[in-house]
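Working notes, structure below.
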Amino acid sequence: MRSSWADAVENSAGESLDNAGTSGGNERPSAAARSAYVPPHLRNRPPVSEPPAPSVGGPHSFNDRPGSGGPTSGSRWGGGRTEYGRQGYGGGGGGGRGSGGWRGRGGWGGKDREVNPFGNDDVDADAEPAFNEQENSGINFDAYEDIPVETSGGNVPPPVNTFAEIDLGDALNLNIRRCKYVKPTPVQRHAIPISLAGRDLMACAQTGSGKTAAFCFPIISGIMKGNFPQRPRGVRTVFPLALILSPTRELSVQIHEEARKFSYQTGVRVVVAYGGAPINQQLRELERGVDILVATPGRLVDLLERAKVSLQMIRYLALDEADRMLDMGFEPQIRKIVEQMDMPPPGERQTMLFSATFPKEIQVKVRMASDFLSNYIFLAVGRVGSSTDLIVQRVEYVHENDKRSYLMDLIHAQRANGVQGKHALTLVFVETKKGADSLEHWLCMNGFPATTIHGDRTQQERETALRSFKSGNTPILVATDVAARGLDIPHVAHVINFDLPNDIDDYVHRIGRTGRAGKSGLATAFFNENNMSLAKSLAELMKEANQEVPDWLTRFAGRASFGNKGRRGGGRFGGRDFRRDSSYNRGNNSGDYHGGGGGYGGSGGSYGGGYPSAWD
DNA sequence: AAAAAAT
């Protein structure tokens, strides 16, 4: 009954933007309207009219590598980009509030004016934003109806239904309109009031559901309205008020781009710092003043050790992809930043942890209740577009040696169906950096325009590859897990797990690169004997998302001898508050959380032993 | 075991 590869791709690719699978949908934009959609983060770019004509040099002509004859975008620091570091605009400039900190030195005034991150369609801050586009927000809100929401902790502020209900301030409200956000997504509805109330937060919301805005809005609003002590001047150290950490450089860049839009003409300045790029330009940006610093951990530690940045004025700390930030590889760095530098302790700062997944092990191991958070609220918003029916998930048994030929079938089917191109991007995940290079080379040799992103490439190559993919010039991107989390790439129609990850959470994040903003997508996985440890959790995840689970996978999942772990308390939500798990409210663990960090509010008693665990 | 993240 299951159809062939080619059928699978044809069927899903043709409808991948239409078969959202939810009821209603009568207001879904037409195909024509959709193709006119320009995602927020691309609206300030020069229009990509036509891809450069492929040079006659063969398959490599689409490659973005140096000397390959592909499109040559300017490098971030090579002067090719126009949206950064423009000088000589004359004086004036925005600055919603004229007090305090670096603004005393001139703020946006002086030589440079704040560059409009919304591009040319927004000529004047006072003018009515252009609302003549077909789409309103790019978000399919039909997909967000009846999302299960779980909150726990004491005195949880009630959710809001509109942005108007929240007093975020005029300047920020204007930017929300410029972003064409008409109403908050579920995670925003719940998280923003919690955050505005000053509460710490651990938030689980599925991929593509608007987490960035959920933590940016309260931070920007708080900085605009807050009265902060004058920050030291005349020293070469800068004192940001907010810190946003993320696990990859590209994600930090993306968060920075979003945050710049949200903070446009609010007087709040956002700066990004990450490795692999020359530090001097980042230092110059910092010295011009910084309220919100977006950074990757390594570069931030470097800046702290050089005393270029001090965290002693931090009032807001946000960890995006927080479970990744606190896993084995990152935890020491994060602890150093959060606990061993000059950052104020929990309670004196507001801490927000966001992720689409929150394995219980992370919550427990790091003991975030007492280490990172103070009297926090746990929020879980059911997955939309990630492991729901918004993403059609397929898994096929493919031996290692057959993978390339299967991949070729998939891509051929897409091309034959005429859906390859700018609006049907294919993201292929592999396990290793070498594997990524090798597969990219093979695809190019076979006439398929592919590029690759992984940690062995230079930062310039990585960013060029991502741009080339996003623009559709190179509609196939081969990636390692560096691209698994957080990246918002519109028009990814198909995620292929050429090599499956070992961890089901990584799978969730990977397939979440499609089905963004309530749109649907397709995810295909190649499964073989090397992936047995994933069988049980994968089968459970797919079943939970109403996906068709092949019989052979169900059989593998049932064999305990494979050391299957199952889904670690994932359940209907992206995660759950470990405080609700009875096993952590008994025995020697309980003291860590009830006695340690000041508890978690008045309703704590209801989480005593014996709480029925519907998810374990 | 691999990937990511400072130089």
Side-chain angles (χ1 to χ4, degrees), chain A residues 76-77 243-256 271-283 286 293-309 311 319-338 340-341 355-357 359 362 400 427-440 452-463 465-466 477-487 497-510 513 526 528-534 563 565:
Chain A
R76 166 171 296 277
W77 42 87
L243 177 63
I244 300 172
L245 293 173
S246 92
T248 66
R249 298 162 180 174
E250 287 77 14
L251 185 51
S252 281
V253 168
Q254 177 181 298
I255 294 167
H256 173 243
V271 176
V272 66
Y274 57 96
I279 200 170
N280 282 337
Q281 187 173 341
Q282 293 172 7
L283 284 173
L286 286 168
L293 177 58
V294 184
T296 48
R299 176 55 59 89
L300 177 61
V301 168
D302 190 12
L303 292 167
L304 292 168
E305 287 174 345
R306 297 188 196 200
K308 301 294 186 186
V309 172
L311 301 178
L319 302 194
D320 200 9
E321 309 296 342
D323 58 329
R324 169 62 86 224
M325 304 298 284
L326 294 167
D327 77 7
M328 249 193 344
F330 271 120
E331 189 190 340
Q333 273 182 308
I334 301 302
R335 281 196 183 276
K336 177 168 189 172
I337 292 165
V338 176
Q340 291 157 34
M341 304 304 287
S355 183
T357 53
I362 295 285
E400 211 60 40
L427 180 51
V428 183
F429 281 104
V430 296
E431 191 65 15
T432 65
K433 294 177 279 196
K434 276 178 64 177
D437 278 336
S438 159
L439 184 58
E440 177 231 27
T452 183
I453 184 168
H454 60 70
D456 273 354
R457 302 200 77 187
T458 67
Q459 190 55 27
Q460 191 166 354
E461 288 171 330
R462 285 165 57 160
E463 293 183 21
L466 193 54
L477 179 66
V478 182
T480 61
D481 266 330
V482 69
R485 284 173 173 258
L487 296 185
N497 274 292
F498 189 90
D499 302 318
L500 273 164
N502 294 318
D503 187 327
I504 192 66
D505 288 332
D506 291 332
Y507 174 84
V508 169
H509 285 274
R510 285 180 177 188
R513 294 320 95 209
F526 296 172
N528 62 33
E529 61 278 2
N530 297 323
N531 309 116
M532 287 305 173
S533 66
L534 199 67
K565 285 200 300 188

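Residue numbering restarts at 1 for every chain, and letters A, B, ... go by the order of the sequence lines.
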So what does [X] hit on the nucleic acid, given a heavy-atom distance under 4.0 Å: a base, only sugar-phosphate, or nothing?
X: A:G455; result: sugar-phosphate
X: A:V301; result: nothing
X: A:R485; result: nothing

Round to the nearest Å and state the distance from [X] atom [atom1] to [N] atom [atom2].
X: A:D437; N: B:dA3; atom1: CG; atom2: P; value: 11 Å
X: A:R249; N: B:dA3; atom1: CZ; atom2: P; value: 15 Å
X: A:D503; N: B:dA3; atom1: CG; atom2: C1'; value: 12 Å
X: A:Q282; N: B:dA5; atom1: CD; atom2: P; value: 13 Å
X: A:E250; N: B:dA4; atom1: CD; atom2: P; value: 9 Å
X: A:E331; N: B:dA5; atom1: CD; atom2: P; value: 19 Å
X: A:L466; N: B:dA4; atom1: CG; atom2: C1'; value: 16 Å
X: A:N497; N: B:dA2; atom1: CG; atom2: P; value: 19 Å

Quick check against the 3.5 Å criterion: does [X] have a side-chain atom that pairs as donor or acceptor with the backbone of [Y]?
X: A:S246; Y: A:S252; value: yes
X: A:R510; Y: A:D481; value: no
X: A:R249; Y: A:T296; value: no
X: A:T452; Y: A:V478; value: yes

Spell out yes or no: do the side chain of A:N502 and the base of B:dA1 have one donor N/O and one acceptor N/O closer than 3.5 Å?
yes
Closer than 4.0 angstrom, basic N to acidic O: yes or no for A:D437 and A:K434?
no
A:E431, nearest nucleotide to its side chain (from B:dA5, B:dA1, B:dA4)
B:dA1
Tell me which nucleotide among B:dA2, B:dA5, B:dA4 gets nearest to the side chain of A:T432.
B:dA2
May I ask you to evaluate whether A:T480 reaches the phosphate of B:dA2, defined as a side-chain N or O under 4.0 Å from OP1 or OP2?
no
N/O (side chain, A:K433) to phosphate O (OP1/OP2, B:dA4) under 4.0 Å
yes
